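For reference, the structure discussed in these notes is given below.
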There are 4 protein chains.
Amino acid sequence: MARKPPTTPRKKASQQRSRATVEALVEATARILVREGFEKASTNRIADVAGVSVGSLYQYFPSKEALVAAVIDRHNEAIMRLVRAAFAEVADLPIEKAVRRLVTVAIEAHHIDPDLHRILAEQIPRSGHLAEVEAYSHEIHALVRAYLERHRKDMRKIDPALAAFMCVSTIEAIAHNTVLNGAEMLSEKMVKVLVDETTRMVVGYLR
Amino acid sequence: MARKPPTTPRKKASQQRSRATVEALVEATARILVREGFEKASTNRIADVAGVSVGSLYQYFPSKEALVAAVIDRHNEAIMRLVRAAFAEVADLPIEKAVRRLVTVAIEAHHIDPDLHRILAEQIPRSGHLAEVEAYSHEIHALVRAYLERHRKDMRKIDPALAAFMCVSTIEAIAHNTVLNGAEMLSEKMVKVLVDETTRMVVGYLR
Amino acid sequence: MARKPPTTPRKKASQQRSRATVEALVEATARILVREGFEKASTNRIADVAGVSVGSLYQYFPSKEALVAAVIDRHNEAIMRLVRAAFAEVADLPIEKAVRRLVTVAIEAHHIDPDLHRILAEQIPRSGHLAEVEAYSHEIHALVRAYLERHRKDMRKIDPALAAFMCVSTIEAIAHNTVLNGAEMLSEKMVKVLVDETTRMVVGYLR
Amino acid sequence: MARKPPTTPRKKASQQRSRATVEALVEATARILVREGFEKASTNRIADVAGVSVGSLYQYFPSKEALVAAVIDRHNEAIMRLVRAAFAEVADLPIEKAVRRLVTVAIEAHHIDPDLHRILAEQIPRSGHLAEVEAYSHEIHALVRAYLERHRKDMRKIDPALAAFMCVSTIEAIAHNTVLNGAEMLSEKMVKVLVDETTRMVVGYLR
DNA sequence: CATGAATGAGACTTCATTCAT
DNA sequence: TATGAATGAAGTCTCATTCAT
């Protein structure tokens, strides 16, 4: 077993069939991860579920890690699409409105695929892709910080980096716990209440 | 779906030698988890590091899971000792003072063994240990809720369970991120700032 | 009570190479059973003798039991080929001739691979293989019973199932003991005498 | 692990407590063999069930094999007590009566502890005690042969050794199959029928 | 390019036996 | 002599990865 197998996709999947295969593999990995857990996600099983041979799997992904990395990436990209859009929307909105929107998006983002989210949260450290994931984290902090600096005059005096850290930590945690803690808190109404509360907490903090 | 191997210790260590062995095994597990990661924590390696034979390992722990469970428990117990003491101290203090103390304790608790904490939080497969961990989580929520109910007259009207959820999520997240984000935020002064900020956020929210 | 690991082959050997591997594994198992006994028949050793890797073994057989089951089956199938042919031959023969032929075949059948036969009879844990073995046993009883019913008019009045039980037990035991008791009783002449005696016993019983 | 550990009892169990311990160990072994199978009969488990420590087990039995051997011996002795008594009773009886009694005893003997009998039949080859067991087998053949020689004038001309082989094989097989085939054939009446039939077969053969 | 048979290191676990107390 | 903790060889089985076809 090679100590550090590469984790970047092997080729550009230039042809159509290739792309379909790659997609099938990533999808199969995600599904197995969610439905059967990390332990069961062997490369043979993944290839099987994807409907291709192990050989083909290794044609496109140099290692199992690379496959998991691709799943992580796909999921994070989906989240980031929501998040980036929300920040664009919100750039000129007043604090209260902006925060409310961002909190809502945070919860929505955790709803994209909660089970996958939970599994990936566990697997990321093992996947050797902390760096990529931290890039997303940094991006979010930067977005928040940019918003805060832009609206600094409507807030109390506070270091923007520190405030960003506080806000991101808080919102992320509440969204995470809300969604991952399962069915008990998922009613429409409950979500609305949580958005209200979180907004109140963050806005109160910033002012 | 999954077979559930037991995760409770196999026999009580009655003699002195036994207790030393058990202790050595748990300690070795924790050390390997921290220094080499979950993947490397094989039963043979654990026994090796503990200076005993695999046979002895299985004399006291019915599975690898049970060993990890013991580590989790030991760590959570250490945290809970701090936390319970803090709540006892704080029971009659006014909100501001109480929150400040609890935030401080949260950060201290994450400092008990930050590396182990990180591993346990990130790298341990949740399945199988959920029960143990949730028990502690519930206890903390209950403690916070009890405090809030006791001091309800000094706060705005708010559902105690909901408020507990908000406060625990927030404080826990900030403490977690503060400690786990590594060396950059660990200065005495920085910690004080973070305690101030978190206290302000939570107190502002409750009033 | 006991978990029941599967004992049926894991996948059909579709390609030629596969079939050779499967064959080699079953053959190796039989050889080790005979030459070194059940205890020595570890999966690693079997794979080794078969000239393949353990991995390949588990590609085709889900457990050690399954391998043993395959050996049993192969042996029983070989026996049953003789036995079925003999019953076909004998269907219309008069009792004396028929019994003589069947006794002879019973001894021949035990000669197919006497050492393997002994091991299978004596040393294989019954649990798990009972089903397969009983199927053959039932088939033999049914064949005998069918013959007896067909020739009922040449015999005394007797329950065919009971008579089948008596005849099969007797013939099987004598053939078994004859062959397994080793070299001392294997002379041509001795076999003839034993066939005579057994025939006399059984025919005398039926008439 | 020593290649060939001794299988004879280590000491004479001269004292009373010793004898009780030895008895408890043999009994525990038999019970585990019957109730949980050979696989579960580990020395630790045996000691546990016997209510003594493993250390004590090895005080009295030099190996697990020796323990199994003791069980085999105890069981065979019990059988042989019946058998010897029966032959004594039968020595001067006419053939028909004698055979009937011996067949009955054979079935009774198999009833002493059928489950243990079945397990032991499997384990004897592994136990390295074939020799002792064959001694019993020889004894039985000798007893039958002696009877046959004594009553030779009431039979057709036949080699006594051969006739003994035929009779023992037949009676043993029928008794074995009758008892081991389980509940379906155990009614009082059925046993009587089987005794009748077996007697008829054997007597018919001898005359 | 695809296939899937083959590989083999290594993980987990058991158990007969020894030996310090 | 009894105890039971400790040992470690050995067994079963999995799975990431390679490579002949």
Side-chain angles (χ1 to χ4, degrees), chain A residues 1-2 5 11 15 17-18 21 39-48 52-65 67, chain B residues 5 11 13-22 39-48 51-65, chain C residues 5 11 13-22 39-48 51-65, chain D residues 1-2 5 11 15 17-18 21 39-48 52-65 67:
Chain A
M1 209 187 296
K11 60 172 57 179
Q15 302 185 356
R17 185 148 62 117
S18 307
T21 301
E39 329 248 64
K40 294 285 173 52
S42 70
T43 49
N44 279 292
R45 180 120 185 68
I46 291 169
D48 213 44
V52 302
S53 65
V54 225
S56 293
L57 185 156
Y58 278 91
Q59 200 84 42
Y60 295 106
F61 294 91
S63 70
K64 185 187 170 182
E65 301 274 280
L67 225 19
Chain B
K11 67 158 87 162
S14 55
Q15 300 190 355
Q16 196 200 337
R17 191 154 52 128
S18 316
R19 242 175 300 128
T21 299
V22 167
E39 317 269 53
K40 294 288 175 48
S42 72
T43 50
N44 279 299
R45 181 118 186 71
I46 291 170
D48 213 45
V52 303
S53 64
V54 227
S56 291
L57 185 158
Y58 280 94
Q59 195 117 60
Y60 298 105
F61 296 92
S63 68
K64 183 186 164 179
E65 293 277 284
Chain C
K11 66 159 85 162
S14 54
Q15 301 190 355
Q16 197 199 336
R17 191 154 50 129
S18 316
R19 242 175 299 129
T21 299
V22 167
E39 316 270 53
K40 295 285 174 52
S42 72
T43 51
N44 279 303
R45 180 117 187 72
I46 290 169
D48 214 43
V52 302
S53 64
V54 227
S56 290
L57 185 157
Y58 280 94
Q59 194 117 60
Y60 297 106
F61 296 92
S63 68
K64 184 185 164 179
E65 293 277 283
Chain D
M1 210 187 295
K11 59 172 57 180
Q15 305 186 354
R17 185 147 60 116
S18 307
T21 301
E39 329 250 64
K40 295 284 173 55
S42 70
T43 49
N44 279 293
R45 179 121 184 70
I46 290 169
D48 212 44
V52 302
S53 65
V54 228
S56 292
L57 184 157
Y58 278 91
Q59 200 86 43
Y60 294 107
F61 294 91
S63 69
K64 184 186 168 181
E65 302 275 281
L67 225 18

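Below, chain A is the first sequence line, B the second, and so on; all start at residue 1. Since we're looking at a predicted model, the values are computed, not measured.
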Once you apply a heavy-atom cut-off of 4.0 Å, does A:S42 come out as touching a base, just sugar-phosphate, or nothing? sugar-phosphate

Rounded to whole angstroms, how far apart are [atom1] on [X] and [atom2] on [N]?
X	N	atom1	atom2	value
A:L67	F:dC15	CG	C1'	14 Å
A:I46	F:dT17	CD1	P	11 Å
C:E65	F:dG11	CD	C1'	14 Å
B:R45	E:dA9	CZ	C1'	17 Å
C:Q59	F:dT18	CD	P	16 Å
D:N44	E:dC15	CG	P	9 Å
D:D48	F:dT3	CG	C1'	13 Å
A:K40	F:dA16	NZ	C1'	18 Å

Taking 4.0 Å as the cut-off, does a side-chain nitrogen or oxygen of [X] come that near to OP1 or OP2 on [N]?
X	N	result
B:S63	E:dT13	no
B:S53	F:dG8	no
D:T43	E:dT17	no

Pairwise distance CD(C:E65) to OG1(C:T43) - rounded to 0.5 angstrom: 12.0 Å

Pairing string, 5' to 3', for DNA chain E - Watson-Crick or wobble contacts under 3.5 Å, brackets [ ] where pairs cross, | to another strand: .||||||||||||||||||||

Proximity to the side chain of C:Y60 - top-ranked nucleotide from F:dA16, E:dA6, E:dT18: E:dA6

